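Below: the structure, in structure tokens.
Given the structure is predicted, the values throughout are model-derived calculations rather than measurements. Each chain gets a letter, A, B and so on, in the order its sequence line appears, and its residues count up from 1.
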Protein chains: 2
Amino acid sequence: MARTQGSHSDITGPRVREAALALFAQHGFAAVSMRQIARAVGVQAGALYNYTPDKQTLLYELMRAHMEDLLAAWDRAAPAGAALERLEAFTRFHIRFNTSRADAVFVSYMELRNLAPENFKAIERLRREYETRLESILRAGADAGSFAIAEPRIASMALIAMLTGVNTWFRADGRLDLASVEAIYWDMVRKSVAV
Amino acid sequence: MARTQGSHSDITGPRVREAALALFAQHGFAAVSMRQIARAVGVQAGALYNYTPDKQTLLYELMRAHMEDLLAAWDRAAPAGAALERLEAFTRFHIRFNTSRADAVFVSYMELRNLAPENFKAIERLRREYETRLESILRAGADAGSFAIAEPRIASMALIAMLTGVNTWFRADGRLDLASVEAIYWDMVRKSVAV
DNA sequence: GATTTAACTGAACATTCGTTCAGATCAAAG
DNA sequence: CTTTGATCTGAACGAATGTTCAGTTAAATC
């Protein structure tokens, strides 16, 4: 038995996913060919099929991995305590996590319509789970009387849309650093749910 | 000279654009073929080239028309007066206009990366113009002391992202009607910029 | 140094793509 | 009724698509 571990596949596999993610983000899933991905990795197109059964599954696995990373990272970072502190933590976490993985965020939102139905359902469930994390915070704050929110579910969608929007304009080498961006958005979030 | 006006082209032309818009919104520009569009219209693929020089221009013209409609509609609807009233008008207008043209909004955001560079620049200019309309309102309110906004440009991006997010969940036959949605969002917008 | 086999190549498969164009169609103008 | 030309068909073009697979390569094991 030869080349059981630590072989090329440990290197090529991640590189396939990295290249696919970058290309999907730049040109879109449908506009990127398996040959383009292979060229970026430095192999022939056929070699990609050692790492994914097909193009569709490659997309799905990228999105699933991203959504599960997102949930796991938040569950690790989420503090206990008052709703206001939890909301601030969520706001800053969302901005930091999403700006640090712009390609994955972009693909996970833009390519939903290119998922096969069963894959779409799985990703939507994960997305919904994340939204519910914020919704719970808003409900807790509303129940405690520290937030004024008529519709917690809709407010959570509104806030997530606002926060994710940072990705459309933020550049790491721009005028504002992440700390300033966090402060600006937290100020708006805090006030928007204030009593 | 025969069939100079009021002929098939007055009917087929709009139908081509309608079919293309709906298909682009559903499957994405790159995933939709000229033959699919032709089938939806009820003609052969070759006939489409009486109405667009190529697929790229078809996409560009759809996006350009949408952005110019948006700007013209706002400029007609925009009231004079205090910043707070102008901001409320903008909030309600944005929600109403965007939910009434979900396909065009979706395509105009999602397919930016499929535009040829010069077309991209033209659409980006129009988008920037619209963002500046809101930014001006925020600056006026900040100068007058009625808003507390450190970064008007960024606040305008944040608010537009939040408002456009309505399209991801709003359904005309859902639990909430548009008036309720407008009220919920206006409440959040108003508070987020409050002193 | 011989053997094993994971990893990859390179060619091939049937489809589909955007676009072109000669010719058919047919409603309106003369 | 004849002419005109806008409109559309139907076939064709080369290029590109996702995927398969027999065969080559070479690193790790014995």
Distances under 3.5 Å between nitrogen or oxygen atoms of protein and nucleotides 13-17 of chain D:
from: D:dT17; atom 1: OP1; to: A:Ser33; atom 2: OG; distance (Å): 3.4

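Comparing A:Ala45 and B:Ala45 by the nucleotide of DNA chain D that holds the closest heavy atom to each, the one mapping nearer the 5' end is B:Ala45.
In this structure, CD of B:Gln56 is placed 13 Å from P of C:dG18, rounded to the nearest angstrom. For the pair A:Tyr51 OH and C:dA6 P, the computed distance is 12 Å after rounding to whole Å. Rounded to an integer number of Å, the gap from A:Leu48 CG to C:dC8 P is 10 Å. When the C1' atom of D:dA27 is taken as reference, atom CG of A:Asp10 falls 14 Å away, rounded to whole Å. Rounding to whole angstrom units, CD of residue A:Gln44 and C1' of C:dG10 are separated by 7 Å. One atom, CG of B:Asn50, and another, C1' of C:dT19, lie 13 Å apart when rounded to the nearest Å. In this structure, CD1 of A:Ile11 is placed 15 Å from C1' of C:dC8, rounded to the nearest angstrom. If you take OH of B:Tyr49 and C1' of C:dC21, they are 13 Å apart, rounded to a whole angstrom.
To the nearest 0.5 Å, the span separating CD on B:Glu61 from CG on B:Leu21 amounts to 13.0 Å.
Listed by chain and residue number, nothing satisfies the ring-ring contact (aromatic ring centres under 6.0 Å, His included) test with A:Tyr185 (two or more places apart in sequence, or in another chain). Under the rule for a side chain to side chain donor-acceptor pair (under 3.5 Å), the partners of A:Arg133 that lie at least two apart in sequence or sit in another chain are A:Asp75. Under the rule for a ring-ring contact (aromatic ring centres under 6.0 Å, His included), A:Trp186 has no partner lying at least two apart in sequence or in another chain. Every residue two or more places apart in sequence or in another chain was checked for a side chain to side chain donor-acceptor pair (under 3.5 Å) with B:Asp143, and none qualifies. Applying the ring-ring contact (aromatic ring centres under 6.0 Å, His included) rule to B:Phe93 yields the partners B:Trp74, B:Phe97; only residues at least two apart in sequence or on another chain are considered.
Between B:Thr12 and D:dT7, a side-chain N or O to OP1/OP2 separation shorter than 4.0 Å is absent.
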